[in-house]
*Asks:* 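If you scroll down you'll find the structure; I have some questions about it.
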Amino acid sequence: MARRLAAQPFARRVAARAAEIAARAIAVAGRAPEVAVVVATSQPDALLYVDRLLTQVRATGLAGRRVDLGPGATESQIFAALAELSADSNVAGVILQLPLPSGVSREIVVAAIAPTKDIDGITSVNAERLAEGMYDPSLLPATAAAVMELLRAYEIPLRGRPAAVVGRSAIVGRPVAQLLEIEGALVQVAHSKTPDLGLVTRAADVLVVAAGVRGLVRGEHVSPGAVVIDVGIHPSGDTIVGDVDAPSVEARLGETGGLSPVPGGVGQMTSAILALHAAEAAERLVRTRA
Ligand code: NAD
């Protein structure tokens, strides 16, 4: 059976670092800077995710605000809310929760987020900085940063090693591939048009799966001894499962391989990383005010 690459105790350490940084910023500011999440959906999963995220942010000592615009919000209302929060001198971080109402352009509304407050790394300014390899780690997409933090925590070597990423979304697959490449891995990206998924994934010593398809990667897609990070989240009864079919993949990877669990893997680390990004943004806010 493969090693279980759980987020704990590393996520707890990241959260503790976030609390330390936040405490320093609050002491200097004399009040708690805020993190705001703009929500324009009534999807229960998204609302639950936002509540959990705000709980994690508040645990650092920072203030968390949910700005509910409702599923009927227009593009200009969402843009205006993001612009107002970005201009607010006590708001350190601004997050836009997906999905957006139909007809609302993500590209247009995201442009209202100040790049220095973009703690989930979704603005084009921060994406370009990553593409150029000149990025601020506290402004990376949190899930991509969480994948890298897990690999670091388990001391998985990347330099010169074949890696593969399944998925090329702007918030997960693409930034993960860029970060792996920056760390010296030889990265292949598979996506929905890839004719033979196994050809790409079996060649990888390090495989990150972010396809949004439940159980897509099975035992026959991986090589013994590889490390597999499962980013997928799919509700299943009263729990969640990932994009990886864990039983067959674990069996195939063998004792020298590793698999991140769902739940308790990337998702848990992502919340801790977002709290860290929030604390670092609070520190930045306080510094620019001084
Ligand atoms: P997305 O739908 O935006 O992108 C999916 C990507 O996978 C696309 O690039 C697509 O080409 C590729 N893909 C789809 N089917 C494929 C197939 N059969 N073979 C190969 N590639 C295929 O999804 P996303 O936002 O990147 O999210 C991916 C998954 O990660 C989802 O399950 C989502 O719920 C989860 N997620 C988890 C976290 C977390 O914190 N753990 C955060 C964000 C997203």
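Both ligands and their constituent atoms are indexed starting at 1 by order of listing. Heavy-atom basis, side chains included; hydrogens, waters and symmetry copies ignored.
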*Asks:* Judged by non-hydrogen atoms, does A210 sit under 4.0 Å from ligand 1?
*Replies:* yes
*Asks:* Classify the contact between V231 and ligand 1 as side chain, backbone, both or neither, using a heavy-atom distance cut-off of under 4.0 Å.
*Replies:* both
*Asks:* Here's a test for you: under side-chain contact (heavy atoms from CB on, under 4.5 Å), which of D88, V91, I26 qualifies with P33?
*Replies:* I26
*Asks:* Taking NZ, NE, NH1 and NH2 as the nitrogens, is one of them in D118 or R129 under 4.0 Å from a carboxylate oxygen of the other?
*Replies:* no
*Asks:* Can you tell me the protein heavy atom closest to atom 27 (O) of ligand 1 and the distance?
*Replies:* V172 CG2, 4.4 Å
*Asks:* Of all the atoms in ligand 1, which lie at a distance below 4.0 Å from a heavy atom belonging to H191?
*Replies:* 11 (O), 19 (N), 20 (C), 21 (N), 22 (C)
*Asks:* Can you pull out the closest protein heavy atom to atom 40 (O) of ligand 1? Residue, atom name and distance to 0.1 Å, please.
*Replies:* T270 OG1, 3.1 Å
*Asks:* Looking only at protein heavy atoms, which one is nearest to atom 5 (C) of ligand 1, and how far off is it?
*Replies:* A211 O, 3.4 Å
*Asks:* Heavy atom to atom 3 (O) of ligand 1, shortest distance: which of S169, P263, A144 holds it?
*Replies:* S169
*Asks:* I need the single residue from V206, V209, V176, V172 that forms a side-chain contact (heavy atoms from CB on, under 4.5 Å) with V165. Which is it?
*Replies:* V176
*Asks:* Do D136 and R284 sit within salt-bridge range, that is, some charged N less than 4.0 Å from a carboxylate O?
*Replies:* yes
*Asks:* If the contact criterion is a heavy-atom separation under 4.0 Å, does L216 count as touching ligand 1?
*Replies:* yes
*Asks:* Using heavy-atom distances, let me know which of G212, G167, A7, A146 sits nearest atom 6 (C) of ligand 1.
*Replies:* G167
*Asks:* If two hydrophobic side chains count as joined below 4.5 Å and joins carry through other members, does V57 share a cluster with I21?
*Replies:* no
*Asks:* Can you confirm whether the side chains of H221 and D245 place a donor and an acceptor under 3.5 Å from each other?
*Replies:* no
*Asks:* Any salt bridge linking E183 with R159? Criterion: basic side-chain nitrogen under 4.0 Å from a carboxylate oxygen.
*Replies:* no
*Asks:* Identify which of S192, S271, G232 has a heavy atom lying nearest to atom 22 (C) of ligand 1.
*Replies:* S192
*Asks:* Using a 4.0 Å cutoff against the non-hydrogen atoms of G267, which atoms of ligand 1 qualify?
*Replies:* 40 (O), 41 (N)
*Asks:* So for H234, does at least one of its heavy atoms come nearer than 4.0 angstrom to any atom of ligand 1?
*Replies:* yes
*Asks:* Side-chain heavy atoms nearer than 4.5 Å, only ILVMFWY residues, links allowed to pass through others: does that put L47 and L53 together?
*Replies:* yes
*Asks:* Would you say I233 has any N or O atom under 3.5 Å from an N or O of ligand 1, going by distance alone?
*Replies:* yes
*Asks:* Under the 4.0 Å line, does any protein heavy atom show up next to atom 15 (N) of ligand 1?
*Replies:* yes
*Asks:* For Q77, is the CD atom crowded, meaning more than 12 foreign heavy atoms sit under 6.0 Å from it?
*Replies:* yes
*Asks:* Write out the residue and atom name of the closest protein heavy atom to atom 9 (O) of ligand 1, then the distance separating them to 0.1 Å.
*Replies:* R168 N, 2.8 Å
*Asks:* Would S236 and R214 count as a side chain to side chain donor-acceptor pair (under 3.5 Å) if you check the C-alpha gap in whole Å, the side-chain angles of each, and the deciding distance to 0.1 Å?
*Replies:* CA-CA 10 Å; S236 176; R214 179 179 176 155; 3.2 Å; yes
*Asks:* With atoms numbered from 1 as shown, which atoms in ligand 1 lie under 4.0 angstrom from a non-hydrogen atom of V213?
*Replies:* 15 (N)
*Asks:* Within the 4.0 Å heavy-atom shell around T143, which atoms of ligand 1 are there?
*Replies:* 38 (C), 39 (C), 40 (O), 42 (C), 43 (C)
*Asks:* Does E20 come within less than 4.0 Å of R17, counting only side-chain N to carboxylate O?
*Replies:* no
